[in-house]
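All figures in this text were calculated on a predicted structure; none of them were measured in a lab. First the proteins, then the strands, lettered A, B, ... as listed; each starts at 1.
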Amino acid sequence: MDYNFLKKALLDKYFGFLNAMQREAVYTTEGPLLVLAGAGSGKTTVIVNRIANIVLFGRAATDNSVPENAQALIAPMKSALASGKPEYIREILKKCAVAPAAPYRVLCITFTNKAAREFKERLLSTLGESANDIWAGTFHSVCVRILRRHIDLLGYNNSFTIYDTDDCKKLITEILKELNISESALPPKMAMQSISRSKESDRTAHDELLDAGKDRLAHYIARVYESYQAKLKAANALDFDDIIMLTNRLFESHPDILDRYREHFQYILVDEYQDTNPSQSRLVALLAGKRRNVCVVGDDDQSIYSFRGATVDNILGFDREYGNAKIIRLEQNYRSVGNILEAANGIIKNNSSRKGKELWTEAEDGEKIRIVQLPTQVEEANFICETIAERVKKGAKYSDFAVLYRVNALSNSLETAFVKSRMPYKIFGGLRFYERREIKDILAYLSVIANPNDSVRLRRIINLPKRAIGEATVEKLATVADELNVNMLTVAENATAYPELSRAALKLKGFARLINELREYSEVNSLSDTVSYVIEQTGYRKMLAEEENGEEREQNVLELVSSAKLFAETSENPTLDEFLNELALVSDLDSYEEENDSVALMTVHSAKGLEFNTVFIAGFEEGLFPIMRQSSDSDSEEERRLAYVAVTRAKKSLYLLHVENRMLYGRSEFKQISKFAQEIPQSVCECRPLRKRSSTFGQSGSEMQESRSNYLENVRKSAQKEQKSIESFEVGARVAHVMFGAGEIISATPMGADMLYEIEFDNGSVKRLMGTYAKLKRL
DNA sequence: GCTGGACATTTTTTT
DNA sequence: AATGTCCAGC
């Protein structure tokens with residue numbers, strides 16, 4: 001047996017848990033590679049193992065040379081093959097490795113921190129400690145790391161601040177005022193979007209101004225852009241688009257630095273490539289250089305973020321941009337049952353701009369897809385709860401279920417039904433921790449302490465809590481600062497020196513003193529102490545305490561102290577700067593991901609990448625899904641992709657719900673079933689007739705008089721009271737059931753708010769019953 | 001400078 | 001229906 005044959009056999013054995021296509025992707029280490037990974041096709045496994053292959057065995061799979069020590073290796077290779085033990089095979093194969101790459105030479109780019117974390121974890125478990133050297137992060141985190149080192153070459157300070165969308169909007173609004181452009185002539189949102197698109201194509205304000213010509217609006221936008229960029233720079237701040245754009249600019253203007261990174265990163269992987277925008281794909285191309293060891297993974301059919309600048313063209317045109325790129329399709333699905341895949345294929349094949357894939361599975365056909373019509377959203381929500389209750393009774397867990405919808409507004413009626421039925425649920429999305437007003441306020445204080453040039457954050461907190469520093473004063477302050485080319489805090493400090501500020505001078509000085517005191521405190525105290533000092537010393541806590549519904553906000557603010565404590569414990573360098581830096585690129589409190597057994601409620605967008613045994617799609621109606629708007633072809637194709645994503649979340653069963661009459665945004669409308677329902681082959685669905693009106697868990701008019709949060713709170717309380725009145729039983733207790741007679745509890749398992757009892761009845765039968773429904777009596 | 005009521009707005013969301 | 005934003009009037 002020859003060396004290379006054996007080597008190949010060992011590799012195939014080592015990666016034997018992969019299918020042929022997946023293995024092909026793992027083996028292809030050199031040159032541009034596009035992996036079109038269908039939903040549920042084992043994409044993450046492929047990326048992780050491809051990296052493992054690069055690091056452990058290098059080009060062994062494709063190299064056919066025979067090393068000098070080949071003869072000596074043959075015997076151990078044979079015995080490894082015969083043994084079939086992965087650890088043994090791995091050790092032998094490492095001896096056959098051809099130019100394996102050091103872990104730090106691999107760059108793995110993802111879109112979310114969550115995905116990056118997942119990769120790191122899985123790499124750690126396959127490769128061990130050495131996996132820590134692999135650069136795995138989001139586009140933004142990777143670029144920030146690079147910019148922190150070199151951005152001074154572009155005239156910024158290396159300790160720049162990162163502005164989020166909210167900060168940027170404030171800045172834009174401020175500029176519009178300054179330029180005397182009314183918000184109706186140019187809505188800030190539109191300006192932001194425009195500037196964002198410009199930055200994504202690396203176009204400067206100057207470029208836009210030249211192109212604007214006589215177009216008044218384009219002219220406005222260009223001028224806003226110009227001022228916006230200048231103000232960001234003055235505040236030593238970058239927005240999210242700058243992070244990518246400036247990295248590109250750094251590389252383009254400093255080839256020596258680019259060369260260093262090109263040399264460093266020999267292998268580049270990009271996950272979710274269908275979600276990249278033009279500047280991100282340019283960055284990848286720049287880093288790839290002539291070596292072009294770029295592997296992009298994605299699914300053109302799951303591109304659902306074009307509204308924020310992602311372009312399917314990146315993935316569709318990958319093989320054009322990288323001549324002779326290899327394309328591998330992963331079409332075998334390991335997630336869903338046959339009928340669900342057939343439905344998904346049926347929907348997506350109506351799109352024209354796609355590479356073309358057809359999912360298949362070895363799994364059985366499974367249940368038919370249930371298309372259910374109900375009178376209103378109240379019955380819709382009840383139907384979902386009742387169905388879940390039934391299935392839980394049969395042994396399912398609450399966490400096996402998800403309810404997906406196109407818009408967050410649908411979550412309200414669903415939530416009501418869940419509260420009433422006492423079923424554990426969790427609504428994902430909505431306002432995130434770091435986006436809460438109170439959190440942003442405290443972070444604004446911390447930002448100003450860390451970077452006194454941060455004018456947007458300074459404006460945010462200068463009069464919060466109220467210090468009698470009004471808008472007019474702030475404007476004057478900004479003007480003076482602008483003229484003298486110093487920051488606003490410095491002007492405030494010396495307010496008495498400027499006649500135009502005389503009236504508020506004392507207040508301004510007081511504010512400046514406060515900030516300076518906070519800074520001094522932060523320099524000698526721990527991070528978490530600083531955070532709580534800020535909360536107290538600024539009077540913010542007191543302000544919340546006096547607010548009507550301030551308790552929750554107070555809790556959140558205190559939560560920020562624990563979050564700082566946690567950061568101090570886990571970070572190598574727990575400075576204020578590092579803390580703010582970390583938070584700027586993190587969207588939510590990660591520790592909140594506790595594994596509790598509850599039904600998941602979320603938008604289709606946030607469900608991407610997740611899977612559930614049973615999925616309910618609520619509001620599968622024309623005008624809602626696909627959503628109504630001035631539809632262009634590309635928009636309607638994106639809606640279809642969204643439907644495809646929704647359907648492919650389901651593993652075993654899928655319910656598509658639509659109602660006759662829906663109340664949304666205060667209007668009641670008659671609804672037709674979604675056009676996508678007709679694209680699902682008849683053979684895999686089952687339609688349920690319209691259900692009669694029922695109001696088991698429905699909200700009555702009088703109940704809805706109250707505010708929503710009060711209403712839910714009351715419902716919860718009465719549900720709890722009822723819960724208490726239902727007796728609970730311990731193992732061994734004797735109970736009576738209306739139908740089955742007397743029996744003994746043999747097990748009791750908490751299920752959300754309910755208990756699941758296993759009862760052995762005296763007639764010999766053993767039944768599993770939910771406490772709520774069984775109506776048991778103690779004997 | 002602050003407050004209350006009119007008024008508009010409401011796809012999706014990460015960084 | 002619910003919520004945030006804006007502006008007029010105090």
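- A distance below 6.0 Å separates the ring centres of A:H150 and A:Y261.
- The pair A:E638-A:R641 meets the salt-bridge criterion, since a charged nitrogen lies less than 4.0 angstrom from a carboxylate oxygen.
- Counting to the nearest Å, the P atom of C:dT5 and the NZ atom of A:K177 are 13 Å from each other.
- Distance A:L477 CG to B:dG1 P: 12 Å, rounded to the nearest Å.
- For B:dT13, its base never sits under 3.5 Å from the side chain of A:T165 at any donor and acceptor pair.
- In terms of phosphate contacts, A:N412 brings no side-chain nitrogen or oxygen within less than 4.0 Å of OP1 or OP2 of C:dA2.
- Side-chain N/O atoms of A:T473 include one lying less than 4.0 angstrom from OP1 or OP2 on B:dG1.
- Considering only side-chain atoms of A:H605, the nucleotide from B:dT3, B:dT13, B:dT11 that sits closest is B:dT13.
- The side chain of A:R308 sits closest to B:dT13 out of B:dG1, B:dT15, B:dT13.
- An OP1 or OP2 oxygen of B:dT13 is reached within less than 4.0 angstrom by no side-chain nitrogen or oxygen of A:Y434.
- Across the protein-nucleic acid pair, A:E183 atom CD and C:dT5 atom C1' stand 9 Å apart, rounded to whole Å.
- Within the nucleic acid shown, A:F139 has no heavy atom closer than 4.0 Å to any nucleic acid atom.
- Rounded to an integer number of Å, the gap from CD1 of A:I304 to C1' of B:dT13 is 10 Å.
- Using a cutoff of 4.0 Å between basic side-chain nitrogens and carboxylate oxygens, A:K43 and A:E272 are scored as salt-bridged.
- Using a 4.0 Å heavy-atom distance criterion, A:F307 is classed as a base contact.
- Following rounding to the nearest Å, A:L404 (CG) and B:dT12 (P) show an atom-to-atom distance of 14 Å.
- No close placement of the A:H658 and A:F625 rings is indicated, their centers lying 6.0 Å or farther apart.
- Residue contacts shown for A:A472 are limited to sugar-phosphate atoms, with no base heavy atom under 4.0 Å away.
- Comparing B:dT15, B:dT12, B:dC2 by their closest approach to the side chain of A:N463 singles out B:dC2.
- Projected onto DNA chain B by closest heavy-atom contact, A:L585 and A:R406 fall at different nucleotides, the more 5' of which corresponds to A:R406.
- Considering only the side chain of A:N408, B:dT13 comes nearest among B:dT15, B:dT11, B:dT13.
- Contact annotation: A:S606 side-chain N/O to B:dT13 OP1/OP2 distance is under 4.0 Å.
- Using a cutoff of 4.0 Å between basic side-chain nitrogens and carboxylate oxygens, A:R460 and A:D454 are not scored as salt-bridged.
- Between A:H140 and A:R667, the residue anchored closer to the 5' end of DNA chain B is A:R667, taking for each the nucleotide with the nearest heavy atom.
- Put simply, CD on A:E415 is 17 Å from P on C:dA1, counting in whole angstrom units.
- Distance, A:E174 CD to C:dC6 P: 14 Å, rounded to whole Å.
- Between A:E471 atom CD and B:dC2 atom P there is a gap of 11 Å when expressed in whole angstrom units.
- The existence of a salt bridge linking A:E639 and A:R406 is confirmed by a sub-4.0 Å separation between a basic side-chain nitrogen and an acidic carboxylate oxygen.
- Of the listed nucleotides (B:dC2, B:dT15, B:dT13), B:dT15 has the atom at the smallest distance from the side chain of A:T138.
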